[in-house]
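In what follows, every heavy atom counts, from backbone to side chain, and hydrogens, waters and symmetry copies are set aside. Position 1 is the first residue of the sequence; numbering continues from there.
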Amino acid sequence: MHWVFLGRRTWRVAGRHINDHQVRLFMTHRRNDPVALAAAKAGFSPATGYRVLQDARLPSQRQAPRGRRRPDPLSGIFEEVVVPMLEAAPGLRPVAIFEELRRRYPDTEFGSRRTLERRIRDWRALNGQDREVIFRQVHEPGRLGMSDFTCMNDLEVAIAGAPLDHLLYHFRLPCGGFEHGHVILGGESFVALAEGLQNALWSAGGAPRLHRTDSLSAAFRNLDADTKADLTRRYDALCAHYGMEPTRNNTGIAHENGAIESAHGHIKAAVKDALLLRGTTDFTDLAAYRRFIDEVVTARNRRHGPGIDAERKTLQSLPNARTTDYEEVLVTVTSSGGSTLRKVFYTVPSRLIGHRLRVRLYDDRLDVIIGGTRLMTLQRGRAGVNGKHGHVVDYRHVIHSLRRKPMALRGLVYRDSLFPRAPYRLMFEHLLEAVGEKEACRIMVELLAMAHERACEAELAHILEEDLAIRRTPCLSALRARFSPDPATLPEVVVEMVSLSIYDGLIEQGEAA
């Protein structure tokens, strides 16, 4: 009897094609039917049925193992050389072994790299080390909420043309699929976690019973023991305010937070698609980009609406108010017109020199408070990556003093941060070359004073751009005339003096009453 394998467990017997299913069907019907009828029901001839009865093995069981059709290129090398390498260094990559073999045996052909990779994979399947097993979890509604940060710099987002170096705080309820994202400008700090987490909980409408993070490793890095303990107490207090039990995964074991680590890729892909549909990655300001992220996350939550609504019923009720999501420090304003905080110098109005201020640090801003009064909000700055101090300077705070000492501009520590727009800085560089240091400082200080006093910063910057294009020195008298108020538009104020005898009449009326 001649059997030929045709693929997909199909065999040819005496010119006819049969497969495993037909043989099983034939043997089942053969219990009650004659051979001819059972063969007809199975779809082949009675002669084939009699042949099957002579050897009842399935067609797939008759396949003879295929032997090697060409010489083994790794004969005498794999067992003698490659296997000892794998046993000595189990993590060695096949490409490294392949390159090493080529170095040791330059005149020998080892076949393709794929051949070696398949042989190593098969060897590891039989003799390799045990690998770590990932245990999938069943998530209960309202039990677990997870927080993590993911870097978004690969999306190349820009604010007003400047690249935005930022992270995304990502919160997720793994059971229902609720997500929340918040743009973070600094690192993985407690302040960023506190602000993002509270925004997420109030958006979800409740709090889970457990909250898991990645140990806040970035917040604790390079801090002393007292600061670590303080941050831990603050994190525990934050969770206690919302009735959550704080939990952390083991350090360096990211897959323990797999329910949110895997979701990072999905939300970043959604943001990338939305940016492509938008046509540009440039936003007018940070608020516009944050609204864009909120729209992307809201669209993702809409797809999981039924699951989110079901889990929301099992969440704990929120407290009456939020807790602190900032860090509070005390600073003293020095004679330089500002104070240094976290390697960043901030200027404030000079009338505050010598005062002790309370500063609330958020991720993207600072609230400056004296006594119980909030004075102002400053944009938060960041120190340079090389440890160089940063500067957040408002020229309006110091221009009155700089006007009396214009030469101080030449060597000012924070000079580049003093200029409110790029044309001012470029004009100063041009003036240094054109008119010398003393005159350049005088003209530049007058330009800054004019921008402040006459509220024409943007329009003046446009004029300076035109002057720079033709390498022209600005004319201060012409600019003062241009930005001085038009006398015809000034209101005429007439003050009429009141007779003082009126007050005597008021006194007499009061006595009569």
Side-chain angles (χ1 to χ4, degrees), residues 284-285 287 321 326 328 330-339 346-360 362 365-380 392-409 412 414 417-421 423-424 427 441-464 474-513:
T284 55
D285 52 30
Y326 54 82
E328 193 168 272
L330 294 175
V331 298
T332 300
V333 182
T334 67
S335 58
S336 298
S339 57
Y346 299 89
T347 61
V348 294
S350 58
R351 61 181 178 272
L352 298 175
I353 290 177
H355 285 268
R356 194 168 177 82
L357 306 177
R358 219 159 20 101
V359 178
R360 291 178 177 175
Y362 296 87
R365 65 191 188 280
L366 277 68
D367 281 348
V368 180
I369 301 170
I370 182 169
T373 304
R374 186 173 69 87
L375 296 176
M376 66 188 70
T377 298
L378 302 176
Q379 179 184 355
R380 183 166 181 178
V392 176
V393 179
D394 188 341
Y395 71 99
R396 300 173 184 87
H397 295 159
V398 298
I399 190 62
H400 64 286
S401 293
L402 195 59
R403 204 170 186 179
R404 292 193 293 268
K405 296 174 284 187
M407 281 299 293
L409 180 64
L412 193 59
Y414 51 77
S417 300
L418 178 71
F419 300 123
R421 298 171 187 260
Y424 290 88
M427 177 55 71
C441 291
R442 186 188 68 83
I443 295 176
M444 198 68 241
V445 170
E446 287 299 320
L447 291 173
L448 291 173
M450 188 183 306
H452 169 49
E453 294 171 353
R454 308 197 181 186
C456 58
E457 177 186 304
E459 190 174 355
L460 180 57
H462 180 68
I463 295 175
L464 295 181
C475 178
L476 292 179
S477 58
L479 291 174
R480 289 193 188 99
R482 176 169 181 170
F483 292 111
S484 61
D486 185 1
T489 63
L490 294 177
E492 183 178 353
V493 179
V494 178
V495 179
E496 296 183 359
M497 303 301 295
V498 180
S499 176
L500 296 179
S501 60
I502 294 178
Y503 296 98
D504 296 334
L506 293 175
I507 294 174
E508 293 175 358
Q509 291 177 5
E511 293 177 349

Quiz item: Which atom names give the shortest non-hydrogen contact between V348 and V333, and what distance separates them?
Solution: CG2-CG1, 3.7 Å

Quiz item: In Å, rounded to the nearest 0.5 Å, how long is the span from CZ of R351 to CG of L375?
Solution: 7.5 Å

Quiz item: Do any N or O atoms from the side chain of R403 and from the backbone of V445 form a donor-acceptor pair under 3.5 angstrom?
Solution: no

Quiz item: Nearest heavy-atom pair of V331 and V359: which atoms, and what distance?
Solution: CG2-CG2, 3.6 Å

Quiz item: In terms of heavy-atom contacts, does NE2 of H462 have more than 12 from other residues, nucleotides or ligands at under 6.0 Å?
Solution: no

Exercise. Provide the closest heavy-atom pair for R454 versus F483 in the form atom of the first, atom of the second, distance.
Key: CD-O, 3.4 Å

Exercise. Taking all non-hydrogen atoms of both residues into account, name the closest pair between L447 and L476 and its distance.
Key: CD2-CD2, 3.8 Å

Exercise. Measure the spacing between CG of L448 and CD1 of I443 and express it to the nearest 0.5 Å.
Key: 12.0 Å

Quiz prompt | Nearest non-hydrogen partners of P423 and A461, listed with the distance | solution = CB-O, 3.6 Å

Quiz item: What distance separates R358 CZ from I370 CD1, expressed to the nearest 0.5 Å?
Solution: 10.5 Å

Exercise. Might you work through the side-chain contact (heavy atoms from CB on, under 4.5 Å) test for L357 and Y346, ending with a clear yes or no?
Key: CA-CA 12 Å; L357 306 177; Y346 299 89; over 6 Å; no

Quiz item: Quick one: are I463 and P474 in side-chain contact, heavy atoms under 4.5 Å?
Solution: no

Quiz item: From D394 CG over to Q379 CD, what is the distance, rounded to the nearest 0.5 angstrom?
Solution: 11.0 Å

Quiz prompt | From CD (E453) to OG (S484), nearest 0.5 Å | solution = 12.5 Å

Exercise. May I ask you to test the R482-C456 pair for a side-chain heavy-atom distance under 4.5 Å?
Key: no

Self-check item: R380 vs Y362 side-chain heavy atoms within contact, under 4.5 Å
Solution: no

Exercise. Please assess E446 against R480 for the test side-chain contact (heavy atoms from CB on, under 4.5 Å), listing each intermediate value before the final yes or no.
Key: CA-CA 10 Å; E446 287 299 320; R480 289 193 188 99; 3.4 Å; yes

Exercise. Supply the atom-to-atom distance S501 OG to L506 CG, rounded to the nearest 0.5 angstrom.
Key: 10.0 Å

Quiz item: Which is it for L402 and L418 under the side-chain contact (heavy atoms from CB on, under 4.5 Å) test, yes or no, and what are the steps along the way?
Solution: CA-CA 11 Å; L402 195 59; L418 178 71; 3.8 Å; yes

Practice problem: Side-chain contact test, heavy atoms from C-beta onward, threshold under 4.5 Å: evaluate it for T347 versus Y395 and give yes or no. | Solution: no

Quiz prompt | Minimal non-hydrogen separation, L409 against F419, with atom names | solution = CD1-CZ, 4.4 Å

